[in-house]
Amino acid sequence: MFSKHPLPRTSCFYSTTPPTSSSPHKPESLLVKKCIFLLQNCGSSKLKLRQIHAFSIRHGVPLNDPDIGKHLIYSLVSLSAPMSYPHNIFSCIRSSNVFTWNTMIRGYAESESPEPALQLYRQMRASCIQPDTHTYPFLLKAVAKLADVRIGEIVHSTVIRNGYDSLAFVQNSLLHMYGACGLVDSAHKAFELMSERDIVAWNSVINGFALNGKPNEALTLFREMGLEGVKPDGYTVLSLLSACAELGALALGRRVHVYMVKVGLTDNLHVNNALLDFYAKCGSISEARKVFDEMKERNAVSWSSLIVGLAVNGFGEGALELFKEMETEELMPSEVTFVGVLYACSHCGMVDEGFSYFKRMKEKYGIVPKIEHHGCIVDLLSRAGLVKEAYQYIRNMPLQPNAVIWRTLLGACAMHGHLTLGEYARAQVLKLEPGYSGDYVLLSNLYASEQRWSDVHVLRRKMLSDGVKKIPGYSLVEFGNHVYEFLMGDRSHPQSDQIYAMLAEITKRLRLEGYAPHTENVLADIEEEEKENALSYHSEKIAVAFMLLKTAPGTPIRIVKNLRICADCHLAIKLTSKVFEREIIVRDQSRFHHFRDGFCSCRDYW
């Protein structure tokens, strides 16, 4: 898939053609001039570049000549050659100018290992070479890749001291750096202080908000962008689709899709992949499939996105069929592809097939399993009720299991009633991520289901003494160009009286269908009636009542929930889909639930 983190195009502010001559006081030899001419005209061929370098060495051009060196380094960096090659040349040059230093910093900033860019900057200052307008954008790109905000702030202060803070491309690099470091509020503050803001500046902050869990802020800034008359581009669309996917804002994302058609972005492979991913994450798998079918060009990312989308939406058979088509097309599946394939096997209960695909991934495609693949196998065994086998698999894993793997086992223990193993799994999670409240809840559910209320209270006191706070559950729904958030027992909405009246009507009609509240896992030793009241006002039930009240009959209801849906809400929404004849799609912390006609796509495993 096209990167979710598009970098500001700082390199476009750098001259595309290096200076053609060195100091006028030193005439260049004809041979050096010839080599420089060849370097400037070698195009994108790394082979030709190496041949020119070999030619210069054979004909006695000094290796430490600064003119030939800077052109050779510039050409190598522009072709993304391994940095060891230009670094060896750089170390031979007798006196590099700022252009050559900048080129080396740029090369490392754009490489997989950006740390040497910072070291080069320090060496540059120690060599009494003054940075220029191009030094800091490259340096800030390296800092952004490292996500080291402390160094970023030091560079920012240096930029101000040297008087470069008013330059647009330096400012844009600062915005991107703060966003990449997770300090999107600092990026927005710097953005607000800019006297002139181009499309790169807007995109940097919108993308920063989208990637740092602030999708509402991303959409608000996009609206401001429109009011200021700035035209969005492909990068803007990528950030918007990411924000819409996070919020489950399907209607808004559809408008972005219309805009893409209007401005001719539908032929852009990366944007199409993002659009496909957006529809899948909003639970509209039919629209995701339509985008895929209409794509003029597809790559492995396109196939993988739809395979994963089908799998997490509960269409495991469809995901596996698509994978077979991908193999028929002789496309190389990626690590991400196999996450979708294994997840699909897990959803379909295909344990043997899952292990077969896992083996094929290693032996046929040479993909070394990562922790995510092992997690899928643990989930595969857990969903099939093979909890002890899942535990044995974890013990024999070649990688150290992380908190997610132990948490998967803990959830399986809570589902299938393995108390002793559940306590052990929770102890392992506690060592790795001690502050996550959801693990206490899973173990509490396990204790509560066994009527071990004293252990529930001990666990609660442990939560309090450890300073662990329960994450409040919320549900998001989109209606009328707005995304509404509901909390448990929420009465903040102006129409809360009508919402709660609808909630009471839902409960009344569900009881006629045989609904009885699933109170086993309410974490308190209280009377049954109090337990039922505690369950009645969960955020997803309020969200369903709101959407039934506001939308026309037959309209699908889409909900995004930050936590895992509880057993009672799962049962209630399943029956609601039948009684009110609505498709209800819930995306919770772990998976999608497509409720229709009284059934759920998860096959009642949540």
Side chain [X], main chain [Y], donor-acceptor under 3.5 Å:
X	Y	value
R407	V429	no
R558	C282	yes
H373	E335	yes

Test item: side-chain donor near acceptor, [X] and [Y], under 3.5 Å:
X	Y	value
Y279	H257	yes
S242	S239	no
S382	D379	no

task = Go through the steps to decide whether E423 and Y447 satisfy the test side-chain hydrogen bond (donor to acceptor under 3.5 Å, both in side chains), and finish with yes or no.
result = CA-CA 10 Å; E423 289 177 320; Y447 285 142; 2.6 Å; yes
query = Are the ring centres of F358 and H374 closer than 6.0 Å?
reply =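 Yes, ring centres under 6.0 Å apart.
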task = Would you please indicate yes or no on a ring centroid separation below 6.0 angstrom for F323 and W303?
result =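 Ring centres of F323 and W303 not closer than 6.0 Å.
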Working to the nearest 0.5 angstrom, can you tell me the gap between [X] [atom1] and [Y] [atom2]?
X	Y	atom1	atom2	result
N402	E372	CG	CD	8.0 Å
L575	D597	CG	CG	12.0 Å
H270	L275	NE2	CG	14.5 Å
L563	Y474	CG	OH	8.0 Å

request  = Over 60° means perpendicular and under 30° means parallel, so classify the ring planes of W406 and Y391, tilted if in between.
outcome  =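 Ring orientation, 0 to 90° scale: tilted.
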ask   = Would you call the rings of H593 and F595 parallel, tilted or perpendicular, where under 30° means parallel and over 60° means perpendicular?
value =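 Judged by the thresholds at 30° and 60°, the geometry between H593 and F595 is parallel.
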